[in-house]
Structure formats: structure tokens, C-alpha cells
Amino acid sequence: MATEPVTSHLRLGLNPRQTETVEKLLLAGEEELEAVGPEALTIRMVAQRAGVSPATAYTYLASKNHLFAELFWRRIVTEPGPEPDGATAVDRIRTVTRHFAALLGRSPHLATAANMALLGTDPEVERLRLVIGAEFVDRFRTAIGEPADPRVVEALTLAFSGALLQAGMGLMTYEELSERLDSVVAVIMEGH
């Protein structure tokens, strides 16, 4: 588990001063998102909270959706949750899905923002969408154990992504998401 700030994709190849600016922007983005919610948040507001100019903020953040995707990726990596635990693959996978449901339930503004952002077409968001998706795939593959059938991993990832979208649209709570995913995981893993 990470104890220091995560090395963001934004920080690759940056000098220490630039890295500090990015960290200030991401922390300000988290605070602003919690304070005003995803619809009202602007990069200008984040810049003001971080104590930098809007032009500086836009140097590192292409859009608010880019900010939201970065914050979501950062949260996933900094709060990886417990190691998948249980005697069966179903139990271990449920450890993963329950952790993500609880994480998002504790951060409803971030969950909403991530849903909005990850559906966008911003090139920076597209890049992060792939990184986040790969993280989900890796977590499911690890929970299943070796050898993990790629079709099963894909089914779990698709089911999980769809459940996140439904919760983000308000069709279920994150607690309900966790409960419903328990059943979905059991169905997908039947016979494996």
C-alpha cells in the first residue's frame, strides 16, 4: 500500500517544482470536488484553491474530466484495499468488488465525477480510461488466481464496469451495487 503521494501520470518527466504544482492541483481538486460537486467545479476554481494561475492549471489538466479521471485513478491506487481473501475465487473476487463499492460509496462526488469523466472523449481521459481498466483487469486476474481464463476476466470487468455506471446514474446505491455484484460474480464464476 502506498504511503506517499502516488506518482501521477501527470508527473512523468516533471521537475520537482512542477511535481509540487501537480500535487497542489490534485489536492485542491479533491477538496473542491468535495465542496461543490462535479457539475459546479471548474479548473479555474481548482487553480484558485491551489494558489496557481488558471493558465498554470491548464498546463497540467486538459479539462475537468481529465482532473476527475486523475483523481479516480489516484484513489484506486492509493486505496488498493485488502488482498483478495477467501478459499474460493468467488470469495476473492467479492473482496475486490466490495472494496471498490465501499470506496466509491465513501466518495459519492468522486464516483459521480468519474462516471462523467470516463465516458468523455478527451485524449487524456481516454489514456486514463485504459490505465484504470487495466487496473480492474489486473485485480480480477489476481483474485481468480492462475490460470485466469481471459473470458472470465473480461466478463467480470464488463459486469463491474456496467454496475459502476448504473450506480453512477443513481439506479442503485453503492451498497446495493456490492450486494448485486455478489450474485453476478457467483453466476460468472459458476463452473470455474
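As the structure is a prediction and not an experimental result, all values here were calculated from the model.
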Closest heavy-atom pair, Leu67 versus Leu25, reported as atoms and distance to 0.1 Å, is CD1-O, 4.5 Å

Closest non-hydrogen contact found for Pro84 with Thr142 is CG-CG2, 4.5 Å

Tell me, do Met116 and Glu39 make a side-chain contact under 4.5 Å, heavy atoms counted?
yes

- Query: How far apart are the C-alpha atoms of Thr56 and Ser53, what are their side-chain angles, what is the distance that settles it, and do they pass the side chain to side chain donor-acceptor pair (under 3.5 Å) test?
  - Reply: CA-CA 5 Å; Thr56 297; Ser53 72; 2.9 Å; yes

Checklist line | Salt-bridge criterion met for Arg180 and Glu176 (N-O under 4.0 Å) | finding: no

* Asked: Any sub-3.5 Å donor-acceptor pair from Glu30's side-chain atoms to Leu27's backbone N or O?
  -> no

Main-chain N/O of Pro123 paired to His66 side chain as donor or acceptor, under 3.5 Å: no

Exercise for the section: Answer whether the closest heavy-atom distance between the side chains of Ile76 and Arg139 falls below 4.5 Å. Expected result: yes

**Message:** Pair Leu181, Leu177 - check side-chain contact (heavy atoms from CB on, under 4.5 Å), show working.
**Reply:** CA-CA 6 Å; Leu181 278 173; Leu177 175 140; 3.5 Å; yes

Is a side-chain donor or acceptor of Arg94 paired with a backbone partner of Asp182 at a separation under 3.5 angstrom? yes

Between Pro82 and Thr95 the two heavy atoms that sit nearest each other are CG-CG2, 3.7 Å

Review point. Can a donor-acceptor pair be found between the side chains of Thr112 and Asn115 at a distance below 3.5 Å?
Key: no

Q) Does Asp91 offer a backbone N or O that forms a donor-acceptor pair with the side chain of Thr88 under 3.5 Å? A) yes

Do Asn15 and Gln18 make a side-chain contact, defined as non-hydrogen atoms from C-beta onward lying under 4.5 Å apart? yes

Worksheet item: Is the side chain of Glu32 donor-acceptor paired with the backbone N or O of Gly29 at a distance under 3.5 Å, no angle test?
Response: no

Would you check if the side chain of Arg129 reaches a backbone N or O of Thr121 as a donor-acceptor pair within less than 3.5 Å?
no

- Message: Quick check: is Leu171 connected to Val184 through a chain of hydrophobic side chains (ILVMFWY, heavy atoms under 4.5 Å apart)?
- Response: no

query = Got a sec: does the CD of Gln48 have more than 12 other heavy atoms crowding it under 6.0 Å?
reply = no

Interatomic distance, NZ@Lys24 vs CZ@Arg49, rounded to 0.5 Å, equals 14.0 Å

- Message: Quick test of your reading of the model: are Arg74 and Glu70 salt-bridged, counting only N-O distances below 4.0 Å?
- Response: no

Shortest non-hydrogen pair, Gly120 vs Val125, comes out as O-CG1, 4.4 Å

Exercise. Under a 4.5 Å side-chain heavy-atom rule over Ile, Leu, Val, Met, Phe, Trp and Tyr, are Leu119 and Leu110 clustered together?
Worked result: no

One should read off an interatomic distance between Ile144 CD1 and Leu156 CG, to the nearest 0.5 angstrom, of 5.0 Å

key: Pairwise side-chain contact, Phe68 with Leu118, heavy-atom cut-off 4.5 Å (strictly under)   = no

| request: Say whether, by atom type as modelled, one donor and one acceptor occur between the side chain of Arg92 and the main chain of Ala143 under 3.5 angstrom. | output: yes

On a heavy-atom basis, the closest approach of Asp122 and Ala62 is OD2-CB, 3.7 Å

In this structure, CZ of Arg151 is separated from CD1 of Ile188 (nearest 0.5 Å) by 13.0 Å

*Using a cut-off of 6.0 Å, state whether more than 12 heavy atoms not belonging to Glu154 lie near its atom CD.*
no

>> Before you tell me yes or no, could you show the steps for Arg75 and Ser107 under side-chain contact (heavy atoms from CB on, under 4.5 Å), namely the whole-Å CA-CA distance, both residues' side-chain angles and the distance that decides it to 0.1 Å?
In response: CA-CA 10 Å; Arg75 183 69 53 90; Ser107 304; 2.5 Å; yes

**Asked** Given side chains that start at C-beta, do those of Phe100 and Tyr174 come closer than 4.5 Å, heavy atoms only?
**Response** no

Taking only distance into account, with no hydrogens and no angle test, what donor-acceptor pairs under 3.5 Å do side-chain atoms of residues 157-166 form with protein atoms, sequence neighbours excluded?
residue: Thr157; atom: OG1; partner: Val153; partner atom: O; Å: 2.8
residue: Ser161; atom: OG; partner: Thr157; partner atom: O; Å: 2.9

Pro38 and Lys64 have their tightest heavy-atom pair at O-NZ, 2.9 Å

Open item on the list: Would the distance check show the side chain of Thr59 and the main-chain N or O of Ala55 forming a donor-acceptor pair, the cut-off being under 3.5 Å?
Closed with: yes

>> Any heavy-atom pair between the side chains of Phe72 and Leu128 that's under 4.5 Å?
In response: no

Taken to the nearest 0.5 Å, the spacing of Arg127 CZ from Ile132 CD1 works out to 9.5 Å

Crowded around Arg106 CZ? As in, over 12 foreign heavy atoms under 6.0 Å? yes

Would you indicate whether the side-chain heavy atoms of Val137 and Arg141 approach each other to under 4.5 Å?
yes

Is it the case that over 12 heavy atoms from other parts of the model lie below 6.0 angstrom from the CD atom of Glu175?
no

